[in-house]
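When a residue number appears, it is its place in the shown sequence, counting from 1.
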Amino acid sequence: MRELGRRSEAAEHPFRGRQHTPLAAAPTPSRREEPAAAPLILASQVGNRQLIAASCPAARALGLAPGMPVTQARALVPDLDIRPADSEADQQFLEQFVLHASRHWTPTAAVSGPDGLWLELTGVTHLHGGEKRFCERVISFCRRLRLTARIAVAATPGAAHALARFGEGPVTRIEVGDEAQALAALPLASLRLAPEALAAATRFGLERVGDLLPLPRGPLARRLGLASIRRLDEALGRLAEPIVPVVPEEAPVATLRLLEPIATADAIEQVIADLLGMIVAQLRDRGAGARSLVLLLDRIDGSEQRLGVGTVRATRDPVHLAHLFHLRIERIDPGGGIETMRLVATRIEPLDATPVGGILAGDAGTADLATLVDQLAGRAGAEALFTIGSIESDVPERATVRSHPLDTPPGWPAWKRPVKLLRRPEPLTNVIALLPDHPPRRFTWRGSVHAVVAGDGPERIHGEWWRRDGEVWAVRDYFRVEDESGARFWLFRRGDGVDDTTGDLSWYLHGLFG
């Protein structure tokens with residue numbers, strides 16, 4: 001798609017002589033019916049056997065339920081798609097999910113088994129528009145994560161656990177006192193009984209929760225065990241089943257209440273240094289570093305000010321962090337005085353030990369630019385610092401993308417590119433050039449006339465015809481030129497200088513070297 005032509009001969013167009021069919025008129029290929037995907041199951045190792053841990057709806061329709069041996073499932077469905085279950089990844093996802101629930105929905109949330117959550121809704125449903133609205137929002141949230149969810153709202157955790165897994169419909173709600181009636185038709189497995197208790201209940205012909213309700217408790221305890229009776233009482237509300245909530249990790253906070261209000265920059269920086277010492281001690285105990293810090297200042301008039309700093313890499317260097325606050329100290333308005341200052345590490349990341357073997361051996365090593373980037377960002381703003389990466393495109397204005405300041409983007413083209421690329425090519429006037437492949441001898445840009453003393457090119461770039469029809473025959477010939485003052489420019493001509501369909505022979509400036 002791109003060729004560097006000689007000065008005496010322009011490069012041939014790669015598509016010249018080919019018959020082009022407009023994209024709109026291109027024949028539409030016939031759509032083939034894709035074969036249906038094979039039923040999918042996840043297998044887990046239990047002792048010496050492999051059992052089904054989860055199955056897709058198509059597999060469930062064929063009778064492949066969790067708990068069935070994989071050998072039996074393979075005998076029933078020969079073309080079965082069997083993949084190993086990853087219980088550790090599932091547990092990590094549930095832990096992240098319950099943390100999100102404790103931060104956004106209810107402060108009392110816990111993991112319920114390998115596939116569910118417990119949420120205590122007492123006193124929080126009015127914040128979400130009621131129980132029904134809250135359940136709809138949770139199901140919509142799970143749908144955005146490409147998950148299916150079943151929700152049960154009950155007065156006891158055991159009843160909610162049973163109805164969510166064995167009830168009907170995506171949302172089930174029962175009133176207080178209706179637990180026995182709602183659970184009577186459910187299988188005994190809904191009570192979270194031990195496998196030995198379920199096997200004993202099967203021998204005695206007990207299949208439903210309703211079969212246990214009229215039986216005497218003494219004989220029932222001897223046959224199924226006291227743990228089964230406790231599960232039944234917890235589901236019916238006769239025994240309390242507390243939920244042990246997951247407590248999100250609190251952000252490190254350091255607070256200093258001053259004996260007298262302060263208003264000078266030196267005094268504020270001294271307090272900031274003391275707060276940083278306290279924060280760094282907490283970060284060191286957690287084995288973490290700070291990525292963002294927020295300073296909260298309470299003035300004597302009751303108002304609050306905020307001052308935040310951020311780093312491109314996790315750090316707990318108090319000197320470096322103090323310098324970042326020093327760069328923004330003029331933004332603080334103490335007013336009549338500041339009486340309380342708090343420092344919060346709003347974002348922390350794990351920070352391992354720094355290897356110092358090379359430093360002790362006298363090796364200078366590679367310079368760390370993170371400190372310099374943080375200081376420049378404190379002066380010019382975080383969005384002012386970036387590196388330029390490349391993406392797959394022959395058109396220069398489409399071939400670059402902003403990257404993180406510390407990234408090393410690969411894939412730079414072998415062709416020389418200007419240091420500064422204009423956001424949009426700017427037109428040139430009064431251009432004198434010998435067609436078809438010589439650089440211009442004179443041009444006018446932004447009202448100034450430039451006489452060219454040296455030039456190189458052309459570098460021919462063709463349009464990306466797959467984007468739009470207007471670029472099918474488009475051609476740009478780029479030249480690197482230098483004027484009498486030593487300034488070097490990167491400019492191009494639209495068209496190859498021979499065929500009018502490739503461009504109108506207008507000239508544009510696209511970048512500057514040095």
**Q.** Nearest heavy-atom neighbours spanning Thr346 and Val294
**A.** CG2-CG2, 3.6 Å
(Q) Heavy-atom count check: over 12 atoms from other residues, nucleotides or ligands less than 6.0 Å from Arg328 CZ? (A) yes
Q.
Does any part of the side chain of Lys132, heavy atoms only, come nearer than 4.5 Å to the side chain of Cys135, both counted from C-beta?
A. no
Q: Report, as yes or no, whether the 6.0 Å neighbourhood of atom CD on Glu168 holds more than 12 heavy atoms from other residues, nucleotides or ligands.
A: no
Q.
Measuring from atom CD1 of Ile272 to atom CG of Leu307, what distance do you get when rounded to the nearest 0.5 angstrom?
A. 7.0 Å
Q: Could you please spell out the steps behind the side-chain contact (heavy atoms from CB on, under 4.5 Å) verdict for Leu351 and Leu283?
A: CA-CA 9 Å; Leu351 182 62; Leu283 294 174; over 6 Å; no
Q) Any donor and acceptor pair, going by atom type alone, linking the side chain of Ser55 with main-chain N or O of Ile41 inside 3.5 Å? A) no
Q | Electrostatic pair Arg238:Glu179 at N-O distance under 4.0 angstrom | A | no
Q.
Can you tell me if Leu226 has over 12 outside heavy atoms packed within less than 6.0 Å of its CG?
A. no
(Q) Between Asp211 and Arg208 (side chain of the first, backbone of the second, donor and acceptor by atom type, cut-off under 3.5 Å), is there such a pair? (A) yes
Q | Nearest heavy-atom neighbours spanning Ile268 and Leu297 | A | CG2-CD2, 4.5 Å
Q) Once you round to the nearest 0.5 Å, how far does CD1 of Ile279 lie from CZ of Arg316? A) 13.0 Å
Q: With side-chain contact (heavy atoms from CB on, under 4.5 Å) as the test, would you mind laying out the steps for Glu471 and Glu464 before giving the verdict?
A: CA-CA 6 Å; Glu471 298 186 30; Glu464 295 178 343; 3.7 Å; yes
Q.
I need the minimum non-hydrogen distance between Pro39 and Leu80, along with the two atoms involved.
A. O-CD1, 3.3 Å
Q: For atom CZ of Arg286, decide whether the heavy atoms of other residues, nucleotides or ligands shown that lie under 6.0 angstrom number more than 12.
A: yes
Q: Find out whether Ser112 and Leu117 are in side-chain contact, i.e. whether some heavy atom of one side chain is under 4.5 Å from a heavy atom of the other.
A: no
Q.
Show the nearest heavy-atom pair for residues Pro114 and Leu94, with the distance to one decimal.
A. O-CD1, 3.3 Å
Q. Mind checking whether Leu215 and Leu206 have side chains closer than 4.5 Å, heavy atoms only?
A. yes
**Q.** Backbone of Glu120 reached by a side-chain donor or acceptor of Thr106 within 3.5 Å
**A.** yes
Q.
Could you check whether any side-chain heavy atom of Met278 comes within less than 4.5 Å of a side-chain heavy atom of Pro318, counting everything from C-beta outward?
A. no
Q. Hey, what's the ring geometry for Phe134 with Trp105, parallel, tilted or perpendicular (30° and 60° as the breaks)?
A. perpendicular
Q: Could you tell me whether the side chain of Pro107 reaches within less than 4.5 Å of the side chain of Val124, counting heavy atoms only?
A: yes
Q) Between the main-chain N or O of Leu183 and the side-chain N or O of Gln181, is there a donor-acceptor pair closer than 3.5 Å? A) no
Q: Mark yes when over 12 heavy atoms from residues, nucleotides or ligands other than Glu304 sit less than 6.0 Å from its CD; otherwise mark no.
A: yes
**Q.** Carboxylate-amine/guanidinium contact Glu241 Arg231, below 4.0 Å
**A.** yes
Q) What distance do Thr255 atom OG1 and Met341 atom CE have between them, rounded to the nearest 0.5 Å? A) 11.0 Å
(Q) Given 3.5 Å as the limit, does a donor-acceptor pair link the side chain of Arg60 with the main chain of Ala65, or not? (A) no
Q: Verify side-chain contact (heavy atoms from CB on, under 4.5 Å) between Leu212 and Leu188, making sure each step is shown before the conclusion.
A: CA-CA 9 Å; Leu212 304 180; Leu188 291 181; 3.5 Å; yes
Q | Nearest heavy atoms of Pro84 and Leu42, plus distance in Å | A | O-CD2, 4.2 Å
**Q.** Rounded distance [0.5 Å steps], OG1 in Thr71 versus CG in Leu51
**A.** 9.0 Å
Q | Gap separating the CG atom of Leu99 from the CD atom of Gln96, nearest 0.5 angstrom | A | 8.0 Å
(Q) The test is side-chain contact (heavy atoms from CB on, under 4.5 Å); show your working for Leu293 and Leu276 and say whether it passes. (A) CA-CA 10 Å; Leu293 295 169; Leu276 286 173; 4.0 Å; yes
**Q.** Shortest non-hydrogen contact from Arg192 toward Glu234
**A.** NH2-OE1, 4.2 Å
**Q.** Side-chain heavy atoms of Glu88 within contact of Asp86, under 4.5 Å
**A.** yes
Q. Is any side-chain heavy atom of Leu64 less than 4.5 Å from a side-chain heavy atom of Leu76?
A. yes
Q) Angle class for the Phe141/His100 ring planes (parallel below 30°, perpendicular above 60°, tilted otherwise)? A) parallel
Q. Between Leu295 and Leu275, is any pair of side-chain heavy atoms under 4.5 Å apart?
A. yes
Q: Enter the distance from Leu191:CG to Phe166:CZ here, rounded to the nearest 0.5 Å.
A: 9.0 Å
Q) Any sub-3.5 Å donor-acceptor pair from Ser190's side-chain atoms to Leu186's backbone N or O? A) no
Q.
How about CD on Gln91, more than 12 heavy atoms from neighbouring residues, nucleotides or ligands closer than 6.0 Å, or not?
A. yes
